[in-house]
Amino acid sequence: MSSSYTRLFRVLFVIIFIKLLFLLALYLHSYDGVARFQRSSQVDVFDELLVDRRGMPSLEQRLQWIREEMPSFPLEELLARENRKLPAAKCGPAPDLMNIDFHNTYWQRAINGNLTYYLFAAYYDDREAVPEAPLVRLLAMVNQHQNNSFEYPEIFCQFWFEGRAKPVIVPVSEHKVMWPFYHAPRRYYPTFLSCPLPEGKHQWLVPQMVSLVARKCDMARNLLRVVYEVDEPAVAEESVVNASSSSSATSSTDPKFVVCVKAMDFPYEDKSWRLIEWLELMRLLGAQKVVLYDAQMHPNMTRVVKDYLVTSPGFVELRPMSLGRGEPHVGRHFHHYAMKADGFNRILNEMIPYNDCFYRNMYKFDYVGVFDIDEVIMPLGNVTTWPELVKLARTVPDYESRTAADCTEWVSFCFRNVYYPRYPERPKVYRNLSSSFYMLQHVERVRQHCDRGAAAKCLHDTRFAVGLHNHFTFFHTEESACAAKSVPIEFAQMQHYREPDTKALLIDPIVDASIWRFQPQLQARVEDRYRRLGFLPTEEELAKTLEKRRLRDELVLKAAVGGV
């Protein structure tokens with residue numbers, strides 16, 4: 001009997017023990033069990049989320065970023081002034097951040113009677129050829145078209161100098177409206193306001209900040225950093241390598257060139273591949289810097305620009321902008337619509353990036369070119385670079401002899417336009433080159449060049465130009481330089497890669513392969529950039545693409561023969 005009880009207890013013990021082991025196993029496999037068991041030797045994964053754990057950046061770093069975000073607002077200078085605890089001026093007290101009337105992100109507003117000024121930037125001009133120098137020029141959009149019978153009401157500039165409590169106040173001496181053509185209601189016109197520095201101890205000092213006020217002792221509702229950039233352009237390591245590898249590398253004594261491009265408004269069309277080819281050709285021709293203005297680009301174009309900013313920071317610069325009249329600076333879809341909805345308003349706004357680029361770079365470069373990314377000033381004959389071209393341009397005659405024969409200086413050297421259309425129905429001229437090159441492939445052009453003043457583009461001398469249009473100068477220092485010289489087409493031409501407005505010009509094209517002189521270097525550089533950006537497909541991706549193309553062609557063929 002006792003042996004039976006003993007056996008039963010043993011069985012029950014085994015069953016209970018097995019159940020306890022089972023429960024223990026379940027617990028250990030649960031999260032709490034694993035966590036408790038491993039806590040001494042393993043970190044909880046939820047304690048190590050992959051989030052940004054960097055500390056707060058320094059004020060200096062944040063101010064640097066703010067300067068990039070808001071180039072014209074002098075926050076650094078304003079804070080430095082506040083830290084000095086300067087006494088408040090009774091006449092023209094300096095505004096603070098909460099008094100600024102910001103407009104469409106990058107602009108500030110001033111009002112004077114019926115006139116509204118939207119201010120974009122201010123620049124210090126002490127060039128030797130400028131008679132009224134030194135002065136500060138304010139770049140603005142104003143609701144007043146050029147009108148000789150209109151008299152601008154008195155308006156003032158308040159200058160703030162480092163360490164000085166009171167502003168130096170001067171009247172605006174001149175409004176230069178950079179649009180002498182037709183006008184329309186509800187438009188704002190690009191205008192330069194001139195504020196000469198007064199004679200005395202401040203005449204040759206550069207103001208830190210400037211404001212525009214209707215009455216001289218008003219507290220301003222705007223405050224602009226005064227741009228005075230005289231440092232030599234930084235050249236990235238890649239730029240040095242590329243320049244030195246060119247057979248036509250420029251020397252340190254050659255004139256320096258910067259290219260200014262209008263708003264990059266390409267939200268839907270991917271022109272990244274064309275942008276790369278164009279940038280590399282600019283570099284081969286002698287441009288040391290290309291300045292682009294961001295107006296919503298296709299993501300691939302943004303990738304290209306960012307890659308150049310990293311690899312060639314001294315060569316490519318991207319600057320922010322918005323429309324001066326006030327169309328919302330929002331996502332690319334509405335912004336693109338607003339740009340296209342009113343072509344005249346878009347053209348008026350284009351004057352802002354051209355002139356902003358000019359005045360930010362006029363002390364660092366000898367010549368400024370204003371181009372779109374489908375335009376190239378191409379030297380011809382034995383000349384292959386812009387430094388060689390401007391030296392030659394000084395000696396050749398002026399086409400149609402518009403400038404005096406005794407001129408020794410010209411505000412610009414201009415080049416006649418000729419169109420290079422697509423001609424999609426014609427076979428490739430250069431069969432051994434892939435279709436991933438646009439300008440190298442499109443070497444058929446219309447036979448006839450445009451007239452001297454029709455769509456020409458120029459290289460502007462930074463000593464003499466005052467206000468730029470995309471085709472010529474509105475104003476220049478007439479006492480120091482003659483008007484623009486048109487260089488004859490046997491020496492250079494402006495190659496325009498688009499369809500002509502007059503379709504009759506498309507008839508009877510000719511082959512003009514001047515660009516092929518740059519083919520080996522240009523092709524190699526472009527292909528290197530394609531590889532870097534991952535634009536070239538793998539063999540598997542290429543096979544899939546070709547198969548899709550074959551299937552699509554079959555469908556097109558079936559549709560053409562009636563579905564048989």
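Here the structure is a predicted model, which means the values were calculated and not measured. Positions are given from 1 along the sequence.
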To check you understand the geometry: which heavy-atom pair defines the closest contact between [X] and [Y], and what is its length?
| X | Y | value |
| --- | --- | --- |
| Ala454 | Asn417 | O-CB, 3.7 Å |
| Asp512 | Ser514 | OD1-OG, 2.7 Å |
| Asn222 | Pro95 | O-CG, 4.0 Å |
| Tyr438 | Arg422 | OH-CG, 3.0 Å |
| Phe535 | Ser272 | CE1-OG, 3.7 Å |
| Ala393 | Val487 | CB-CG2, 3.8 Å |

Determine yes or no for a side-chain-to-main-chain donor-acceptor pair under 3.5 angstrom, with [X] supplying the side chain and [Y] the backbone.
| X | Y | result |
| --- | --- | --- |
| Tyr308 | Arg303 | no |
| Asp398 | Glu400 | no |
| His336 | Arg332 | no |
| Thr385 | Gly286 | no |
| Asn112 | Glu154 | yes |
| Tyr530 | Ser436 | yes |
| Asn361 | Cys357 | yes |
| Glu69 | Pro320 | no |

Sub-6.0 Å ring centroid separation between [X] and [Y]:
| X | Y | value |
| --- | --- | --- |
| His298 | Phe266 | no |
| Tyr420 | His442 | no |
| Tyr419 | Tyr497 | no |
| Tyr359 | Phe192 | yes |
| Phe344 | Tyr182 | yes |
| Phe415 | His449 | no |
| Phe120 | Trp107 | yes |
| Tyr363 | Phe365 | no |
| Phe464 | His476 | no |

Indicate yes or no: does [X] engage [Y] in a salt bridge with an N to O separation below 4.0 Å.
| X | Y | value |
| --- | --- | --- |
| Arg319 | Asp294 | no |
| Arg283 | Glu280 | yes |
| Asp451 | Arg416 | no |

Measuring from atom [atom1] of [X] to atom [atom2] of [Y], what distance do you get when rounded to the nearest 0.5 angstrom?
| X | Y | atom1 | atom2 | result |
| --- | --- | --- | --- | --- |
| Gln146 | Thr191 | CD | OG1 | 9.5 Å |
| Asn99 | Leu223 | CG | CG | 10.5 Å |
| Leu75 | Leu79 | CG | CG | 4.5 Å |
| Tyr367 | Phe413 | OH | CZ | 4.5 Å |
| Asp366 | His460 | CG | NE2 | 14.5 Å |
| Met439 | Glu375 | CE | CD | 11.5 Å |

Could you tell me how the ring of [X] sits relative to the ring of [Y]: parallel (under 30°), tilted (30 to 60°) or perpendicular (over 60°)?
| X | Y | answer |
| --- | --- | --- |
| Phe161 | His202 | tilted |
| Tyr118 | His103 | parallel |
| Tyr117 | His175 | tilted |

| query | Going through the checks in order, is the salt bridge (charged side-chain N to carboxylate O under 4.0 Å, His left out) test met by Arg360 and Asp356? | reply | CA-CA 6 Å; Arg360 288 183 183 277; Asp356 179 68; 3.0 Å; yes
Give a yes or no on whether [X] atom [atom1] has more than 12 heavy-atom contacts from other residues, nucleotides or ligands under 6.0 Å away.
| X | atom1 | answer |
| --- | --- | --- |
| Lys216 | NZ | no |
| Tyr337 | OH | no |
| Asn147 | CG | yes |
| Glu229 | CD | yes |
| Glu479 | CD | no |
| Arg62 | CZ | yes |

| query | Name the one of Cys260, Ser322, Pro353 that satisfies side chain to side chain contact (heavy atoms under 4.5 Å, CB included) with Tyr293? | reply |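 Exactly one pass, corresponding to Pro353.
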Report yes if the side chains of [X] and [Y] come closer than 4.5 Å at any heavy-atom pair, otherwise no.
| X | Y | answer |
| --- | --- | --- |
| Ile515 | Leu281 | yes |
| His335 | His329 | yes |
| Leu522 | Phe437 | no |
| Thr116 | Arg109 | yes |
| Phe474 | Leu468 | no |
| Ile352 | Met141 | yes |
| Trp278 | Val261 | yes |
| Trp179 | His469 | yes |

| request: Step by step, work out the salt bridge (charged side-chain N to carboxylate O under 4.0 Å, His left out) result for Asp342 and Arg187. | output: CA-CA 10 Å; Asp342 191 322; Arg187 304 303 193 279; 2.7 Å; yes
| query | Any luck finding a side-chain donor-acceptor pair between Glu327 and Asn345 under 3.5 Å? | reply |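 Per modelled atom types, Glu327 and Asn345 side chains form a pair under 3.5 Å.
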| query | Sequence neighbours excluded, which residues qualify as disulfide (SG to SG under 2.5 Å) partners of Cys450? | reply |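 Here no residue qualifies.
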| request: Begin from the C-alpha positions of Glu77 and Arg67 and carry the test salt bridge (charged side-chain N to carboxylate O under 4.0 Å, His left out) through to its verdict. | output: CA-CA 11 Å; Glu77 294 84 350; Arg67 180 186 280 261; 3.5 Å; yes
| message | Given the ring of Phe156, does Arg215 sit roughly above its face, with NZ or CZ under 6.0 Å from the centre of the six-membered ring and within 45° of the axis? | response |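 Geometry flag: not set, cation outside 6.0 Å or 45°.
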| Ring-face cation contact, Phe475 with Lys176, 6.0 Å cut, 45° max |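 Yes, Lys176 sits over the ring of Phe475.
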| Can you list the steps and then say if Arg463 with Glu409 is a salt bridge (charged side-chain N to carboxylate O under 4.0 Å, His left out)? | CA-CA 10 Å; Arg463 295 173 296 170; Glu409 298 287 0; 2.9 Å; yes
